[in-house]
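Only one structure is covered here, and it is reproduced in the block below.
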Amino acid sequence: MVGVLKKTTGLVGLAVSQNPHERLRILYSKILASLQTIPKDAAYRTYTEQLINDRFDLVKSEPDIEKLERKINCGQIEEVIVQAENELSLSRKMVEWKPWEPLIEEPPTNQWKWPI
Amino acid sequence: MASSLCRFVRGGFSRNFSFVSRSPALVHGRFDSTTTETRPTVRPKDEVTHNQLSAFGEYIAEILPKYVQQVQVTCFNELEVMIHPDGVVPVLLFLRDHTNAQFKNLTDQTAVDIPSRQNRFELVYNLLSLRFNSRIRIKTYTDELTPVDSAVPVHLAANWYEREIWDMYGVFFANHPDLRRILTDYGFEGHPFRKDFPLSGYVEVRYDDEVKRVVAEPVELSQEFRKFDLNSPWEVFPAHRESKDTPKLE
């Protein structure tokens, strides 16, 4: 974990993070905690848990930042942190909205028929 | 990666450019076919992209069954997701924030007026994901009086788009920070893009010398409106024939 920090991310407004592994660890565990409140059979929970667990395992196993970035393959580590923050806020809102329930209302007949 | 759901489509669009050079000298008769064979100028069917998009569409439909009514991939490989109007903000937020989606850009937001439907206006949101280089279209519906939740809390770009839809179609957006007219004149009445609004409008303006200002008067056409019947006697869409329901005898 002791390595040379890169000078800049190259992106405006995104500062280089001092301790990305720790930050990602915290964020991923928070996401997994908020996913526990969703029913087990919800597709959002299964897919997101799989995704977050995969990334979490990579973060735990790879101490070098550059190799970790390449393994996750989703841009720079700071961008990965932003993605995790977004996923956290999304999971909290999903708990509120409960989108795994069945369809609210069927569309009226011929609503999506094209050409008319 | 073990999970095949982590999508990254690296510009894998195989485009075939075939230039056929014809010898300019010969106009009549045959020419030597030393160049590559001529192919019809029809876009080749890209099965790979089509399958990837339909897989992603199924993924979205599985995660959000509460709002998603229909998912389709057009023949030009464009993914379209039809949702219930209550689900505008949840679906857009999911597509913006989820790691597998990341559609951060709202490229376009429009409405379509189809008067024959019960909910005549169809709202269309076009999103772009820079991370995964893919686009998606979200469609909802509403009628003249039902308000729709504004997309501004999710995408700030929706601000002026929704003002335009309000001005041109009359679709009201709830929770919009500043919903007022944007393209029509200040005292304009009516919603011009609706299908029942005439091309020339109802009102025309002229400068009146007596009152020394611009006045608005009912429009006066020099030639009466001519409606042409442009239907051809031949069947127009043979692929979309309606199956005649045979009445069942009970």
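Below, chain A is the first sequence line, B the second, and so on; all start at residue 1. Computed from a predicted model, the values in this text were never measured in an experiment.
The main-chain N or O of A:K113 is found under 3.5 Å from a side-chain atom of B:R117 such that the two form a donor-acceptor pair. Checked by atom type and distance alone, the side chain of B:Q69 pairs as donor or acceptor with a backbone atom of A:E105 at under 3.5 Å. In this structure, the side chain of A:K98 does not engage the main chain of B:K66 through any donor-acceptor pair within 3.5 Å.
For a residue to count as touching a neighbouring chain, one of its non-hydrogen atoms must lie under 4.5 Å from one of that chain's; by this rule B:E62 touches chain A with backbone and side chain alike. Proximity to chain B (any heavy atom under 4.5 Å) is shown, for A:P107, by both the backbone and the side chain. The part of B:V68 that comes within reach of chain A is its backbone (N, CA, C, O), which places non-hydrogen atoms under 4.5 angstrom from that chain. Only the backbone of B:I83 comes within less than 4.5 Å of a heavy atom in chain A; its side chain stays farther off. Of the two parts of B:H98, the backbone and the side chain both hold a non-hydrogen atom closer than 4.5 Å to a non-hydrogen atom of chain A. Neither the backbone nor the side chain of B:Q72 comes within contact range of chain A, judged by heavy atoms closer than 4.5 Å. Heavy atoms of B:L93 lying under 4.5 Å from chain A belong to its backbone as well as its side chain. Using a 4.5 Å cut-off between heavy atoms, A:E106 touches chain B through its backbone atoms (N, CA, C, O) alone.
Between A:W100 and B:P65, the closest heavy-atom pair is O-CG, 3.6 Å. Residues B:D97 and A:S89 come closest through the heavy atom pair OD2-OG, 3.7 Å.
Within a 6.0 Å sphere centred on NZ of A:K67, other residues, nucleotides and ligands contribute 12 heavy atoms or fewer. Other residues, nucleotides and ligands contribute over 12 non-hydrogen atoms within 6.0 Å of the CD atom of B:E235. Within a 6.0 Å sphere centred on CG of B:L156, other residues, nucleotides and ligands contribute 12 heavy atoms or fewer. Around atom CD of B:Q118, no more than 12 heavy atoms belonging to other residues, nucleotides or ligands sit under 6.0 Å away. Other residues, nucleotides and ligands contribute only 12 or fewer heavy atoms inside 6.0 Å of the CD atom of A:E66. By the 6.0 Å contact criterion, NZ on A:K30 is open, its count of non-hydrogen atoms from other residues, nucleotides or ligands being 12 or less. Within a 6.0 Å sphere centred on CZ of B:R135, other residues, nucleotides and ligands contribute 12 heavy atoms or fewer. Within 6.0 Å of atom CZ in B:F193, 12 or fewer heavy atoms from other residues, nucleotides or ligands are found, so the atom counts as exposed in its surroundings.
Comparing A:S91, A:P99, A:P108 by how many heavy-atom pairs each has under 4.5 Å with chain B, the most go to A:P99.
Counting heavy atoms from C-beta on, the side chains of A:Y47 and B:I63 come closer than 4.5 Å.
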**OP:** Would you sort out whether B:N119 and A:Q111 count as a side-chain contact (heavy atoms from CB on, under 4.5 Å), showing the intermediate values?
**Re:** CA-CA 8 Å; B:N119 299 303; A:Q111 175 64 45; 3.5 Å; yes
**OP:** Could you give me the CA-CA distance, side-chain angles and deciding distance for B:Y67 and A:L103, then say whether side-chain contact (heavy atoms from CB on, under 4.5 Å) is met?
**Re:** CA-CA 6 Å; B:Y67 306 116; A:L103 192 58; 5.8 Å; no
Original post:
Taking it one step at a time, do B:L64 and A:Y44 satisfy side-chain contact (heavy atoms from CB on, under 4.5 Å)?
Top reply: CA-CA 8 Å; B:L64 305 161; A:Y44 177 66; over 6 Å; no
**OP:** Could you go through the side-chain contact (heavy atoms from CB on, under 4.5 Å) check for A:W112 and B:E122 one step at a time?
**Re:** CA-CA 9 Å; A:W112 298 122; B:E122 188 183 293; 3.9 Å; yes
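Donor-acceptor pairing under 3.5 Å is lacking for the side chains of A:Q83 and B:T99.
Atom CG in A:N86 sits 8.0 Å away from atom CD in B:Q102 (nearest 0.5 Å). Here CZ of B:F94 is found 5.0 Å from CE of A:M94. Values are rounded to the nearest 0.5 Å.
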